[in-house]
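Here the structure is a predicted model, which means the values were calculated and not measured. The first residue of the sequence shown is numbered 1, and numbering continues consecutively from there.
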Amino acid sequence: MFYNKYMWEQIFKGYMVRDCTLGFEHGRIGFYLVPDDDREHLDYGWYTRFVAVKLSNPIEKRFYVRGGDNLDLARLSAAWEPNQTEFLLVDVGRSLWSYKPNAYKGSEPEIPFDGKGYGYAAAGEVGCSISRVTRVEGTVFAVGGPTRIFQRMPNQQWYEHKGIPLPAGLSSKDDDVITETLGNSNFFDLAGFSLKDMYVVGDAGQIWHFNGNIWKSLAFPSNLTLQTVTCGGDGQVYITDIRGSLWQGRGERWKLLHKGNTSIPYADSAWFKNRFWCANDYGMMVLEDGKLVAAHQAKQDPIPTEIALHAHRIDVSPDGKQMLVCGGSGAALHNGERWELLFSGYEFEDE
């Protein structure tokens, strides 16, 4: 049993699970919760709840919970050994919470960014936003705009990758040009085969590759916003765009695998059990026979319907042995052999 009715009422009741991460070792997981009500969230801001779970502990000692209203539109990840052992929840404004058991917990100073340091005097101080936090090997990265990449370092520090220049439009004396440039210069995801072989994608078909020393801009056959990127176990890179199309390739050679027509882009993608997966608020898809199909309708190992109800976000452990999904009022874990429904609020809501 993941929780009892009392713990559900104290922690999860009235909330939806917005994001999840596999913690810094097997048996630890984390969740980002927001209220499940009729508030205009984007007007009033999310009330954020972070929950860290140690599955081996008894139920009454299993959960660490932090709540507050000083984060908006956050994403969650966790750094793994040997580099770090911590959970990180970062919002669009670079504010963050961190949690490392027996070491630190709570708010940290926001991820540092000095727009003046780039010499764009005409634009004044350039702002910076975060679109996603993600993990390569055991290291957490935060990516956003304008074309920014931050790497989590030891001792609660951040390193900014400055090898990608700020867009030239930010040097304009025209405020409209600056505003338009900022709106078309976001990075939305980063993935890597290793820390010396990484890809980052974003607005206007932008894709950059890092070889361990420098970042290089790559040509891509579409100028649509690129939403997610995954480095597959087959040696290929998989990219989804804002319309839900799926691209495959590496370097500067890309081909369209699946032409999408989704009303909302995929929020996450991953490689697990030799297959490509992606998910959004509508559900989870898997690449099968050259097409993206609903994961619960796949010919090979379809996911159970009760799992599909909660498969809106995805995280895979750095060793590729576990996949965690979440959404709505629940979450589920695949251990490489079978699915386990960790929890579903429906079991208590129906009582």
Tell me whether the NZ or CZ atom of Arg275 lies within the 45° cone about the ring axis of Trp271 and under 6.0 Å from its centre.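 Judged by the rule, Arg275 and Trp271 form no cation-pi pair.
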
[Y] backbone acceptor or donor facing [X] side chain under 3.5 Å:
{"X": "Asn57", "Y": "Arg62", "result": "no"}
{"X": "Ser131", "Y": "Phe188", "result": "no"}
{"X": "Arg250", "Y": "Gly235", "result": "yes"}
{"X": "Asp91", "Y": "Leu73", "result": "no"}
{"X": "Arg148", "Y": "Asn186", "result": "no"}
{"X": "Arg49", "Y": "Gly68", "result": "no"}
{"X": "Ser329", "Y": "Gly345", "result": "yes"}
{"X": "Ser317", "Y": "Gln322", "result": "yes"}
{"X": "Thr181", "Y": "Val177", "result": "yes"}
{"X": "Arg243", "Y": "Lys259", "result": "no"}

Does the side chain of His26 pick up a donor-acceptor pair with the side chain of Asp319 at under 3.5 Å?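 There is such a pair between these side chains.
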
Are side-chain N/O atoms of Thr21 and Asp315 paired as donor and acceptor at under 3.5 Å?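 There is such a pair (donor and acceptor under 3.5 Å, judged by atom type) between the side chains of Thr21 and Asp315.
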
Does [X] have its ring centroid less than 6.0 Å away from the ring centroid of [Y]?
{"X": "Tyr3", "Y": "Phe343", "answer": "yes"}
{"X": "Trp277", "Y": "His334", "answer": "no"}
{"X": "Phe50", "Y": "Tyr32", "answer": "no"}
{"X": "Tyr346", "Y": "His310", "answer": "yes"}

Does any non-hydrogen side-chain atom of [Y] lie less than 4.5 Å from one of [X]?
{"X": "Tyr99", "Y": "Arg66", "result": "no"}
{"X": "Phe31", "Y": "Phe63", "result": "no"}
{"X": "Phe187", "Y": "Asp203", "result": "no"}
{"X": "Leu292", "Y": "Val286", "result": "no"}
{"X": "Glu288", "Y": "Phe276", "result": "no"}
{"X": "Leu33", "Y": "Arg18", "result": "no"}
{"X": "Asp197", "Y": "Asn211", "result": "no"}
{"X": "His161", "Y": "Gln151", "result": "yes"}

Glu108 and Arg152 ion-paired at < 4.0 Å: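 Yes, charged N to carboxylate O under 4.0 Å.
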
Closest non-hydrogen atom pair between [X] and [Y], with its separation:
{"X": "Gln84", "Y": "Met153", "answer": "NE2-C, 2.9 Å"}
{"X": "Thr228", "Y": "Tyr266", "answer": "CG2-O, 3.3 Å"}
{"X": "Phe150", "Y": "Pro112", "answer": "CE2-O, 3.5 Å"}
{"X": "Glu86", "Y": "Phe24", "answer": "N-CD2, 3.6 Å"}

If we check side-chain hydrogen bond (donor to acceptor under 3.5 Å, both in side chains) with Ser269, which of these qualifies: Thr240, Asp189, Thr230?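 Going through the options one by one, the only one that passes is Thr230.
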
Taking ILVMFWY side chains as joined if any heavy atoms are under 4.5 angstrom apart, and letting links pass through other members, which residues group with Phe193?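 Same cluster as Phe193: Tyr199, Val201, Ile207, Leu218, Phe220, Leu226, Val229, Val237, Ile239, Trp247, Trp254, Leu256.
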
Option passing side chain to side chain contact (heavy atoms under 4.5 Å, CB included) with Arg132 (candidates Val143, Leu190, Val92, Asp19):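 The single option meeting the side chain to side chain contact (heavy atoms under 4.5 Å, CB included) with Arg132 is Val143.
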
Within a reach of under 6.0 Å around NZ of Lys105, are more than 12 heavy atoms found that belong to other residues, nucleotides or ligands?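 Open: at most 12 neighbouring heavy atoms sit under 6.0 Å from NZ of Lys105.
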
Leu195: which residues meet the side-chain contact (heavy atoms from CB on, under 4.5 Å) condition with it, sequence neighbours left out?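 Once residues adjacent in sequence are excluded, the partners of Leu195 under the side-chain contact (heavy atoms from CB on, under 4.5 Å) criterion are Val136, Glu137, Thr139, Phe141, Met198.
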
